[in-house]
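Take a look at the structure set out below.
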Amino acid sequence: MSHDHSLNPETMPHEPEKATLEGKNKFIGFWFFLGGETVLFASLFGTYLALRNATAGGPSAEELFGLDLVFIMTILLLTSSLTSVYAIYHMKNNDFGKMCLWFIITIILGFGFLGSEIYEFTHYIHNEGFTFTSSAFGSAFYTLVGFHGGHVLFGLCWFIALLLRNAKRGLNLYNAPKFYVVSLYWHFIDVVWVFIFTVVYLMGKVV
Amino acid sequence: MREVKVVSNAATHKRGFGAVLWDYLTTVDHKKIAHLYLFSGGFFFLMGGIEAMLIRIQLIKPNSEFLSNGLYNEVLTMHGTTMIFLAAMPLIFALMNAAVPLQIGARDVAFPFINSLGFWLFLFGGLILNCSWFLGGAPDAGWTAYAPLSTTSPGHGVDFYVIGLQIAGAGTLIGGINFLVTIVNMRAPGMTYMRMPLFTWSVFITSILILFAFPALTVGLFLLMFERMFGAGFFDASLGGNAIIWEHLFWIFGHPEVYILILPLFGLFSDLFSTFSKKRLFGYTAMVFATMLIAFLGFMVWAHHMFTVGLGPVANSIFAIATMAIAVPTGIKIFNWLATMWGGQITINSAMLWALGFIPTFTLGGMTGVMVASVVADYQYHDSYFVVAHFHYVIVGGTIFGIFAGLHYWWPKMFGRILHEGMGKLTFWTFLIGFHLTFFIQHFLGLMGMPRRYSTYLPNQGLDLGNLISTIGAFFMAFAVIVFVINVFYTAAKGEKAPADPWDGRTLEWATASPPAHYNFKQVPLVRGLDPLWIEKTEGKGKLTPSEPLGDIHMPNASILPFVMSLGLFIAGFGFIYQVDDKGWLAVVFIGMAITLGSMLIRSLKDDLGHHITKEELEREAD
Ligand code: HEM
Ligand SMILES: [Cu+2]
């Protein structure tokens, strides 16, 4: 692909992320990858569900979790998914500046989420004495939620690398699939969080 | 024209060792990656074979003290682990890489870079595992690494297992995704799904299995790692943990894994029977759907490995019935293979011999499979030599026979030379006889109560003669493998040069030179039906109709990054293993991860747009 792929509004294809064979490969390959990620998280959820009451005398879910912080975290992450939709909308309209702007807002919200999670973990560890090794429940909780947090961090680094790399050259058919794919990844992380919110926090409080 | 080509070939042959090495370290060409998989998988197959021989020598007579009990456990564990992950899987990937892009008329795979990364991850993972022999002891908890045996195993053996398999498994996963996308997106015009050769079909379905099975292993290995290295309590009852979780995760991966090992070879056998019977495959559509059905059921039956765990009669019955149901699509396949040969013009050469030997052998393994699927009976068979006999009948009788068949079939395509037929037949017959000598008798040893994974047995309990025969059979197989290795060297030196289409083939790979040019097809062919090459032959053209005018070809660039990324993980792996003893090793973790993440960053910041082979260059080359 040594041809010039820079776009102007007239030559912008309808779906720039799938306009080249490379783009199409990335697009489909990434959907497959997310299929694998689903199994990964399903296995972690299964483990958590099996061990959520295995507190070995340590603190239980009901004693630990406070829903207000988790609620804020959920809002932050859900909103960031929405802003990344706006970014892709602007990508399809070939408006590079607005796309970047919305991605930057996404990143800020993502960091807000990650910061709250770090605060939550340190709070549990220092104030409640609830650690990775205190019980099987502890191990399962930090592993599941931590894996998700790790995905968030990875997604943020990915956004930043893409934005920095492409800051000076605008949108083209080589990088459009990349922006599209990272936003897919971000939605996936968001969906996983909805499950964590339900299975870990709500069920921890209620059942 | 012809001279030009010969000269350029000679020139490539005279390149120095360094240049060839660099070429293989950086290659993104699926045909060369196939060579890499073949030789490293072959190397590990020899390692696993030596381990098998050690086990069998230990068991040749009662109360033998050839191996100590501890060493026996290590050899047994490494034999199983090596054979499954480091021999069978990569050898299958070798065949996939050698054949699939050619069979669908593609110039390349979808992600050449990822393809090479997958290979290097597998190789470095395998090396980590085998380093354990020299660094204080190999894993010794069985290839299934059941907790709490694995969580409490002293030393670092199991840590090597965890890290090695984690890295190798990541390689397999991305390799699977690559083939999925390749088959979805890169088929030549006219190659509809229902015109794909059965090998390609089964690689497609196998890749789906890889995609959904390997993440469960990833998670299981992470949990085991956290438990051993960071004090987690998933499997530790004193912290409320539950060891059965490991068994579930392991077999949710492990059962589909055995179908990952067999389905590609089912596909290969279908292609073989049709080629060497000069007939269209009988029941093509039924074959495709049977493959899908087997894959689907393969996911639903993992708990048949856990009948004796105590899941209860309802769960056990459901899993038993689902397991037995797999016999139906498998039976469909066997009848279709027989019907393909029925009335055909059959050629019997080494490749076909392996395929013919496979049918009765695998059928026997399938029958004992139904036997162990019966819950009540399994309480008797479980963890006895009966099971050892059963799974070797299917994995060796299916996968290993299939790999040998595939190697004899595609060797000319991969290396431009035909394997020596005489030696090929000698390998087959000695292996077949040795195989049945070794494993048939093990059914009876198992029924008489010989347990699996025990390093010895007492005299005069009716087990002596059977074990002696079994070990003699193993020597036959070892001899067969040695003959095969000699055959490989002999063929490289003196083998007969292969024409493009040595077997009068039916599928597209035989329409390219042997070995093919690095861009596979000068012009991507137009596919007009099932067995596209055969169609052109019967219509008297003998050559494929091109689907496009001759033009520039876009090719990916070679890259050393996949090698460096995997090397980084290899280094970091040692850091993880030894940080338990001394936190100073965390520095090694950081160095290794920095190498890997750094090369990932380079990969994403540096555009790699590939290069073009121009039309003029293509015109200069002979047809
Ligand atoms: C061809 C010659 C082979 C011989 C003579 C051989 C022999 C053996 C023996 C004696 C055992 C130990 C049984 C026990 O005590 O539990 C064993 C286990 C095993 N073998 Fe093989 N084997 C061969 C090939 C293979 C191949 C090709 C594979 C897989 C592709 C394989 C997979 C396994 C596995 C998974 C185990 C179980 C290990 C464990 O229990 O952890 N073997 N083999
Ligand atoms: Cu199974």
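The sequence lines fix the lettering, A, B, ..., with proteins before strands; numbering per chain opens at 1.
- Within 6.0 Å of the NZ atom in A:K98, the count of heavy atoms belonging to other residues, nucleotides or ligands does not exceed 12.
- Taking CD of B:E227 as the start and OG1 of A:T143 as the end, the distance is 10.0 Å to the nearest 0.5 Å.
- Among residues 200-211 of chain B, the residues having any heavy atom closer than 4.5 Å to a heavy atom of chain A are, in sequence order, B:L211.
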Under 3.5 Å, sequence neighbours excluded: what are the donor-acceptor pairs made by side chains of residues 595-602 of chain B?
| unit_1 | atom_1 | unit_2 | atom_2 | d |
| --- | --- | --- | --- | --- |
| B:T596 | OG1 | B:M565 | O | 2.9 |
| B:T596 | OG1 | B:L569 | N | 3.1 |
| B:T596 | OG1 | B:G592 | O | 3.3 |
| B:S599 | OG | B:I595 | O | 2.6 |
| B:S599 | OG | B:T596 | O | 3.1 |

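- Going from atom CG of A:L51 over to atom CG of B:N242 covers 6.5 Å, rounded to the nearest 0.5 Å.
- Residue B:D552 does not touch chain A at all, counting heavy-atom pairs closer than 4.5 Å.
- Within the 4.5 Å cutoff, no side-chain heavy atoms of B:F212 are placed close to those of A:T38.
- The number of heavy-atom neighbours closer than 6.0 Å to NZ of B:K615, taken from other residues, nucleotides and ligands shown, is 12 or below.
- A heavy-atom distance below 4.5 Å is found between the side chains of A:N25 and B:M186.
- Of the listed residues (B:I252, B:I177, B:I114, B:L173), the one with the most heavy-atom contacts under 4.5 Å to chain A is B:I177.
- Put simply, CZ on A:F33 and CD1 on B:I174 are 10.0 Å apart, with the number rounded to the nearest 0.5 Å.
- Between B:G240 and A:A54 the shortest heavy-atom distance is O-CB, 3.1 Å.
- Of the possible donor and acceptor atoms, one in the side chain of A:S139 sits under 3.5 Å from a partner among the backbone N and O of B:G233.
- The local environment of CZ in A:F197 is crowded, with over 12 non-hydrogen atoms from other residues, nucleotides or ligands closer than 6.0 Å.
- Looking only at side-chain heavy atoms (C-beta outward), A:T133 and B:F230 stay at 4.5 Å or farther from each other.
- Dense packing is recorded around NZ of B:K583, with more than 12 heavy atoms of other residues, nucleotides or ligands lying under 6.0 Å away.
- Under a cut-off of 6.0 angstrom, the local environment of NZ in A:K26 is crowded, with over 12 non-hydrogen atoms contributed by other residues, nucleotides or ligands.
- For B:N185, the parts lying near chain A are the backbone and the side chain together; criterion is any non-hydrogen pair under 4.5 Å.
- Applying the side chain to side chain contact (heavy atoms under 4.5 Å, CB included) test to B:L311 and every residue at least two apart in sequence or in another chain returns B:H248, B:A303, B:M306, B:V309, B:A315, B:N316.
- Contacts between A:I28 and chain B at a heavy-atom distance below 4.5 Å involve backbone atoms as well as side-chain atoms.
- Taking the six-membered ring where tryptophan is involved, the planes of B:F226 and A:F147 are tilted, since the angle between them lies from 30° to 60°.
- Both the backbone and the side chain of B:L605 come within contact range of chain A, each with at least one heavy atom under 4.5 Å from a heavy atom of that chain.
- Annotation: A:W31, atom CH2; neighbour count of heavy atoms from other residues, nucleotides and ligands within 6.0 Å does not exceed 12.
- The neighbour count for B:Y193 OH, taken as heavy atoms of other residues, nucleotides or ligands under 6.0 Å away, is above 12.
- Using a 4.5 Å heavy-atom threshold, the side chains of A:R165 and B:D607 count as touching.
- Neither the backbone nor the side chain of A:T131 comes within less than 4.5 Å of any heavy atom in chain B.
- When each of A:A56, A:G57, A:G138, A:A42 is checked for heavy-atom pairs under 4.5 Å with chain B, A:A56 comes out on top.
- Judged as a ring-ring contact (aromatic ring centres under 6.0 Å, His included), and not counting sequence neighbours, B:F296 has no contacts.
- Counting heavy atoms from C-beta outward, B:V184 and A:F32 have side chains that approach closer than 4.5 Å.
- Proximity to chain B involves both the backbone and the side chain of A:A140, based on heavy atoms less than 4.5 angstrom apart.
- Minimum heavy-atom separation, A:G29 to B:V181: CA-CG2, 3.3 Å.
- In this structure, CZ on B:F222 lies 12.0 Å from OG on A:S43, to the nearest 0.5 angstrom.
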